[in-house]
Student: 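This is the structure I want to talk about, given as structure tokens.
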Amino acid sequence: MSVRVRFAPSPTGFLHIGGLRTALYNYLFARHHGGTFVLRIEDTDQARYVEGAEEDIITSLEWAGMTIDEGPHSAGKFGPYRQSERKKMYHEYAKQLIDNSWAYYAFDSTEEIEEMRDRLKASGNPSPKYDSITRQSMKNSLTLSQDEVDKRLEAGDAYVVRLKVPRRDTVKFEDLIRGVVSFDTAGLDDQVLLKSDGMPTYHLANVVDDHTMGITHVIRGEEWLSSAPKHMLLYQAFGWEAPTMAHLPLIMSPSGGKLSKRKAESEGIPVNTKDYISGNYEPKALINFLAYLGWSPGDDSEIHSMKELCELFSLERVSKGGAVFNYKKLMWYNEHYLRSTSVKDLLPTVKSLMEEANLDTKNDEYLKRVLELLHERVAKVNEFVTMGAFFFEAPKDYDAGALKKWKSDSSIFVKAYQEKIGSLTDNEFTAANLKTSLEAVVSEKEVGFGKVMMPVRIATTGQGFGPDLFSALALVGKEEVIRRINTAVERLG
RNA sequence: GCCGCGUUCGUCUAGGGGCCUAGGACGCCGCCCUUUCACGGCGGUAGCACGGGUUCGAAUCCCGUACGCGGUACCA
């Protein structure tokens, strides 16, 4: 049987980085086995539905380099791939469960259930549940007469369908990552399967869809582990073979706990995939980093393309414990991938970023030389813009940190240098000559190299760091360099 | 509270009874390179949660404790 996996997010917001990793592990597993990667949209919660979320999910997956084999916008014979469009199906299956005594109608209102919980709590029960014992005191098709049930149904009374969890049983199953896990059914609620708005809950929809879509492996976050026994019970109730389960460790925040939106933001970690897209991160870096967050191939390798990851991946090698998101390591990956991309390939991206920043990139040859000077120094593509803006326009202001190195005598040295290079012709305005000129000033004034070099750098680039100064100045050109020095002397004194 | 899952350097991890005086990577620190900042090269720092077993031998197996995380909804 060929492998079929699914990534099944609910469109309640932008695709979270944790969701992206879940998708990735599903994708890698599918590709490794030559299987199929399905995207299913779990839009059963109408209250939390967010417009545009589905598009964001698809865009994000594509950006990351995952191809969806089947999904709402891709071909597939198991559709529809949005749960809201499969509504009718869930009712049929729920009915089947009722007919087989695996589920029942329940007419309790939310208030009544709350009341029941309060009462149980007051009586000393520390964990009030809607379980096999409490259901006997509630209004449902198990306690009400058939007549009464029919009457209510006909009258259009609000109802839900609940799973009839066996009273005393143990649900055991093998998880590919965790080994055998077992749960006592006494701890399980009679889970709602069909909500009063007619929509199924996750539990019903998920099981029905996984089965009818021929899913062979369910790979999802650990937050689902506790509900897995309910799902196993459902498979049993339907008489279906359950897919193989694999519950992934969670991605944790550096301060502990699940990497939530709030936590991530307060710790400076972009949490939505779209933030990585707009932040100009390298998708290959994010993927490589994410793949290693909870998994490793077992050797000392660190760098792998998506293709290699597909070959190497296996669920057995996924670790069990939660993995803390390490932003610096992500940046290390980002730098790595940026550096291994040639200037030629970087050019179009940088060019459009420059244009977005309203910089006139002159010609491609010029831009290419700028990139060559900056290539080894940037950690993220957009830094080509922030670090290299001075190649295209005079500095608007001078970096505060750099200014500390602008001393009272700096203008003297800078002017001396200006005078020196003023005598060079345009053809002589080369990195080598610019360096010789600076060395001449240094020996004439009998000061250290940095005493002259740094002020010149600040005056011409506005920064206290950057690429080789002389190559940069040669590129900027004589006329402009002289003008910038004038401005700096005027403004900085 | 209850249920479940987990626990090797600060972080991600290798390790599945002797090959471990625990390996790699990120970070951090130092040195080299160097006109700045980086890159790069070299070196260093730091860990088997704790307590009991089992065994000739335990990071590796078993039990307990602690801690962490998840779940406990007509949310997914």
Student: Does the side chain of A/Q191 come under 3.5 Å of the side chain of A/T201 through a donor N or O and an acceptor N or O?
Tutor: no

Student: Verify the ring-centre separation between A/Y235 and A/H211: is it less than 6.0 angstrom?
Tutor: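 No, too far apart.
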
Student: Given that both distances must come in under 3.5 Å, which nucleotide forms a Watson-Crick or G-U wobble pair with B/G10?
Tutor: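 Base-paired to B/C26.
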
Student: Tell me what A/G294 touches on the nucleic acid: a base, only sugar-phosphate, or nothing, going by heavy atoms under 4.0 Å.
Tutor: sugar-phosphate

Student: Starting at the 5' end of RNA chain B and moving along, which residue's nearest nucleotide shows up first, A/L330 or A/K320?
Tutor: A/K320

Student: Name the closest nucleotide to the A/T44 side chain, picking from B/A76, B/U13, B/C12.
Tutor: B/A76

Student: Return the nearest nucleotide to the side chain of A/N326; candidates are B/C26, B/A73, B/C39.
Tutor: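 Among B/C26, B/A73, B/C39, the one nearest the side chain of A/N326 is B/C26.
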
Student: Tell me whether the centres of the aromatic rings in A/F289 and A/W332 are closer together than 6.0 Å.
Tutor: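 Here the rings of A/W332 and A/F289 have centres that are no less than 6.0 Å from each other.
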
Student: Would you list the protein and nucleotides 42-51 of chain B atom pairs, both N or O, that sit under 3.5 Å from each other?
Tutor:
none

Student: Identify whether any heavy atom of A/Y292 sits under 4.0 Å from a base atom; if not, whether one sits that close to sugar-phosphate; answer base, sugar-phosphate or nothing.
Tutor: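 Touches sugar-phosphate only.
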
Student: Checking base pairs now: Watson-Crick or wobble, both atom distances under 3.5 Å. What partners B/G57?
Tutor: none

Student: Regarding A/R220, tell me which of base, sugar-phosphate or nothing describes its non-hydrogen contacts under 4.0 Å with the strands shown.
Tutor: nothing

Student: Any N or O donor-acceptor pair linking the side chain of A/S226 to the base of B/C3 at under 3.5 Å?
Tutor: no

Student: Once you apply the 3.5 Å cut-off to both distances, tell me the Watson-Crick or G-U wobble partner of B/U72, or none.
Tutor: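 Pair assignment: B/U72 / B/G1.
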
Student: Which part of the nucleic acid, if any, lies within reach of A/F325 when heavy atoms closer than 4.0 Å are counted: base, sugar-phosphate only, or nothing?
Tutor: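 No contact at all - A/F325 keeps every heavy atom at 4.0 Å or more from the nucleic acid.
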
Student: By the rule that syn is within 90° of 0, classify the base conformation of B/C61 as syn or anti.
Tutor: anti

Student: Distance between the P atoms of B/U60 and B/A22, in whole angstroms?
Tutor: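 About 15 Å, rounded to a whole number of Å.
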
Student: What's A/D189 touching, base or sugar-phosphate or nothing? Going by heavy atoms closer than 4.0 Å.
Tutor: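 Sugar-phosphate only.
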
Student: Output the single nucleotide from B/U36, B/C74, B/G24 whose closest atom is nearest the side chain of A/K329.
Tutor: B/G24

Student: Tell me the partner of B/A46, counting only Watson-Crick (N1-N3 plus N6-O4 or O6-N4) or G-U wobble (N1-O2 and O6-N3) with both under 3.5 Å; none if nothing fits.
Tutor: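 Base partner found: none.
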
Student: On the six-membered ring of A/F183, is A/K172 placed so that its NZ or CZ lies under 6.0 angstrom from the centre and within 45° of the ring axis?
Tutor: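 Ring-cation test returns no.
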
Student: Name the closest nucleotide to the A/E376 side chain, picking from B/A38, B/C5, B/C39.
Tutor: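 Nucleotide nearest to A/E376's side chain: B/C39.
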
Student: Say you pick atom C1' in B/G68 and the same atom in B/U8; how far apart are they, in whole Å?
Tutor: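 Pairwise C1' distance, B/G68 against B/U8, rounds to 16 Å.
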
Student: May I ask you to check if A/K139 and A/F107 form a cation-pi contact, with NZ or CZ under 6.0 angstrom from the six-membered ring centre and within 45° of the axis?
Tutor: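 The answer is no, since A/K139 fails at least one limit relative to A/F107.
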
Student: Between A/F313 and A/W295, is the ring centre distance below 6.0 Å?
Tutor: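 Between A/W295 and A/F313, which both carry aromatic rings, the centre distance is below 6.0 Å.
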
Student: Any idea which of B/C26, B/C74, B/G71 is nearest the A/E223 side chain?
Tutor: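 The answer is B/G71.
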
Student: Among side-chain atoms of A/R220 and A/H247, is any donor-acceptor pair under 3.5 angstrom?
Tutor: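 Result is yes, a qualifying pair exists.
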
Student: If you look at every strand shown and take non-hydrogen atoms under 4.0 Å, does A/V160 touch a base, only sugar-phosphate, or nothing?
Tutor: base

Student: Between B/C19 and B/A59, how far apart are the C1' atoms? Round to whole Å, please.
Tutor: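 B/A59 and B/C19 have their C1' atoms separated by 15 Å.
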
Student: If you only use heavy atoms from C-beta on, which nucleotide in B/C12, B/U36, B/C74 is closest to the side chain of A/A323?
Tutor: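 For A/A323, the side-chain atoms sit closest to B/C12.
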
Student: State which residue, out of A/H231, A/H217, A/R40, fulfils the side-chain hydrogen bond (donor to acceptor under 3.5 Å, both in side chains) condition with A/D210.
Tutor: A/R40

Student: Ignoring hydrogens and angles, answer whether the base of B/C75 and the side-chain atoms of A/R48 contain a donor-acceptor pair closer than 3.5 Å.
Tutor: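 Under the 3.5 Å cut-off, the side chain and the base do form a donor-acceptor pair.
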
Student: Is it true that the NZ or CZ of A/R162 lies under 6.0 Å from the centre of A/Y130's six-membered ring and within 45 degrees of the ring axis?
Tutor: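 Judged by the rule, A/R162 and A/Y130 form a cation-pi pair.
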
Student: Does A/D131 reach a base, just sugar-phosphate, or nothing at all? Heavy atoms under 4.0 Å.
Tutor: nothing

Student: List every contact pair, protein side and nucleotides 63-69 of chain B side both N or O, where the distance is under 3.5 Å.
Tutor:
none

Student: Just name whichever nucleotide pairs with B/A38, Watson-Crick or G-U, keeping both distances under 3.5 Å, else none.
Tutor: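 B/A38 is paired with nothing.
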
